[in-house]
Number of protein chains: 2
Amino acid sequence: MRLTTKGRFAVTAMLDLALNASDGPVTLANIAARQKISLSYLEQLFAKLRRNDLVASVRGPGGGYQLARSSDQLSVAEIIIAVEESIDSRQCEGKKDCLGEGAGHRRCMTHDLWESLNQNVIQFLSAVTLAELVQQQFTPTEPATKTVSGPASRVKSRQEDTNKRRASFAAENVVAS
Amino acid sequence: MRLTTKGRFAVTAMLDLALNASDGPVTLANIAARQKISLSYLEQLFAKLRRNDLVASVRGPGGGYQLARSSDQLSVAEIIIAVEESIDSRQCEGKKDCLGEGAGHRRCMTHDLWESLNQNVIQFLSAVTLAELVQQQFTPTEPATKTVSGPASRVKSRQEDTNKRRASFAAENVVAS
DNA sequence: TCTATACTTGAGTGAATTAGTAGGGTATTG
DNA sequence: CAATACCCTACTAATTCACTCAAGTATAGA
């Protein structure tokens with residue numbers, strides 16, 4: 001999966017935008033200062049966000065950026081895809097198999113697995129809106145296990161079908177920074 | 001998320017191992033030939049797989065590798081974590097915030113989101129066993145996954161039934177959008 | 001024992017990608 | 001008309017990836 005600082009900065013910046021929406025357009029300089037992100041880098045990211053109609057710009061003095069839609073209509077997936085230009089893992093190296101939809105063409109053995117994973121991730125991120133992230137800023141939340149609304153929190157409770165080894169394995173491998 | 005060719009090759013190789021388990025230990029040279037992966041690279045990967053007790057090695061002539069457990073006790077998550085050593089995205093750059101569990105310590109704004117995503121991915125991959133991948137080799141399946149919901153079409157409804165995850169992988173299931 | 005087989009390890013490297021910088025523009029408004 | 005702030009292109013240092021190379025160690029069968 002492709003998830004770099006680009007994507008994370010973009011989400012952070014959009015969240016900042018949402019949080020400061022009340023005072024008119026927000027300048028990149030402000031975001032840069034608040035979030036400690038380089039201005040030049042932000043400009044790059046916002047160019048893409050704008051091209052994807054996730055933000056609207058206002059030029060001239062007093063200008064800045066605004067969300068293009070209400071925050072509950074903006075998903076994290078959109079933001080990441082906009083700046084990363086594809087959320088996919090780099091595809092199964094397409095040399096011999098796995099290139100296509102060709103009729104009798106054989107896909108590589110694990111093709112479906114990765115595709116399935118991609119869908120899972122996209123679905124997860126599509127279900128998280130900026131509005132939810134905003135909300136979360138006001139509810140400091142105790143330990144992250146109680147996480148944000150989204151598929152994961154439900155998954156947590158329906159774990160009984162997996163055997164214990166795997167369950168505990170997964171749990172202890174979620175490293176907290 | 002961290003998912004490179006390392007992880008993909010490892011899963012492919014393990015699958016190859018599972019598929020050829022009947023003829024005794026499988027040599028890396030064979031896997032390399034069948035899967036078109038460099039032998040030296042495979043050796044690196046299998047060193048890690050062995051250290052994590054996912055495979056057992058048999059030395060000497062006629063030797064090779066075997067799965068350490070039955071294929072339905074081996075999850076894809078384990079394999080990937082073994083070779084990638086952590087499945088996390090590179091953490092929220094831990095400079096000032098987001099370093100810890102410190103009592104009143106402030107986490108960066110999107111910390112919970114990424115952690116939640118990680119859990120989701122691990123959960124997903126933990127639920128897929130090698131045995132299931134083996135099974136899938138014998139049921140070619142129609143193009144399982146259709147085009148994913150693009151940025152424009154957002155997923156409104158939450159994923160309700162997480163037990164379907166496995167089914168969505170084996171059979172086909174399109175993201176409702 | 002001898003030796004071919006096969007696992008095991010560590011170091012090194014070229015190519016690609018990332019994470020930014022630099023330095024110009026262009027549009028708008030007070 | 002000048003200050004503000006968006007806009008765009010190109011460049012680069014550092015990191016990471018995806019291997020390769022070389023030198024072992026252990027074992028089984030002749």
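Every value quoted in this text rests on a predicted model; they were computed, and no experiment measured them. In what follows, every chain begins at residue 1, and chains take the letters A, B, ... in the order their sequences are listed.
Between the side chain of B:Q35 and the main chain of B:A13, no donor-acceptor pair closer than 3.5 Å is present. For the pair A:Q119 (side chain) and A:S116 (backbone), a donor-acceptor distance under 3.5 Å is absent.
Taking each heavy atom of B:Q73 and B:E78 in turn, the nearest pair found is O-OE1, 3.7 Å. Considering all non-hydrogen atoms of both residues, B:S126 and B:A77 come closest at OG-CB, 3.4 Å.
Taking only side-chain atoms of A:S57, from C-beta outward, the nucleotide of C:dT8, D:dC19, D:dC6 with the closest atom is D:dC6. Checking C:dT21, C:dC7, D:dC19 against every side-chain atom of B:Y65, the shortest atom distance belongs to C:dC7. In the set C:dT5, C:dT18, D:dC6, the nucleotide with an atom closest to the side chain of A:T4 is C:dT18. Residue B:Q44 has its side chain nearest to D:dT20 when only C:dA19, D:dT20, D:dC7 are considered. Distance from the side chain of B:S40 is smallest to D:dC21 among D:dC21, D:dT4, D:dT25. Comparing C:dT29, D:dT20, C:dT5 by their nearest atom to the side chain of A:P61 picks out C:dT29.
Remark: the B:R59 side chain and the D:dT25 base include a donor-acceptor N/O pair separated by less than 3.5 Å. The base of C:dC7 is not paired with the side chain of B:E43 by any donor and acceptor separated by under 3.5 Å.
Map B:Y41 and A:G62 each onto its nearest nucleotide of DNA chain D; the residue landing nearer the 5' end is A:G62. Along DNA chain C, the nucleotide nearest to A:G60 and the one nearest to B:G64 differ in position, and the one closer to the 5' end is contacted by B:G64. Comparing A:R51 and A:G63 along DNA chain D, the residue whose closest nucleotide (by nearest heavy atom) sits nearer the 5' end is A:G63.
B:F46 is listed as a side-chain neighbour of B:I31, based on a closest heavy-atom distance under 4.5 Å.
Taking only side-chain nitrogens and oxygens, B:R50 comes nearer than 4.0 Å to OP1 or OP2 of C:dT8. For C:dT5, the OP1/OP2 oxygens have no side-chain nitrogen or oxygen of B:T27 closer than 4.0 Å.
Within 4.0 Å of A:F46, counting heavy atoms only, lies no atom of the nucleic acid at all.
Note: CG (A:L39) to P (D:dT4) measures 14 Å, nearest angstrom.
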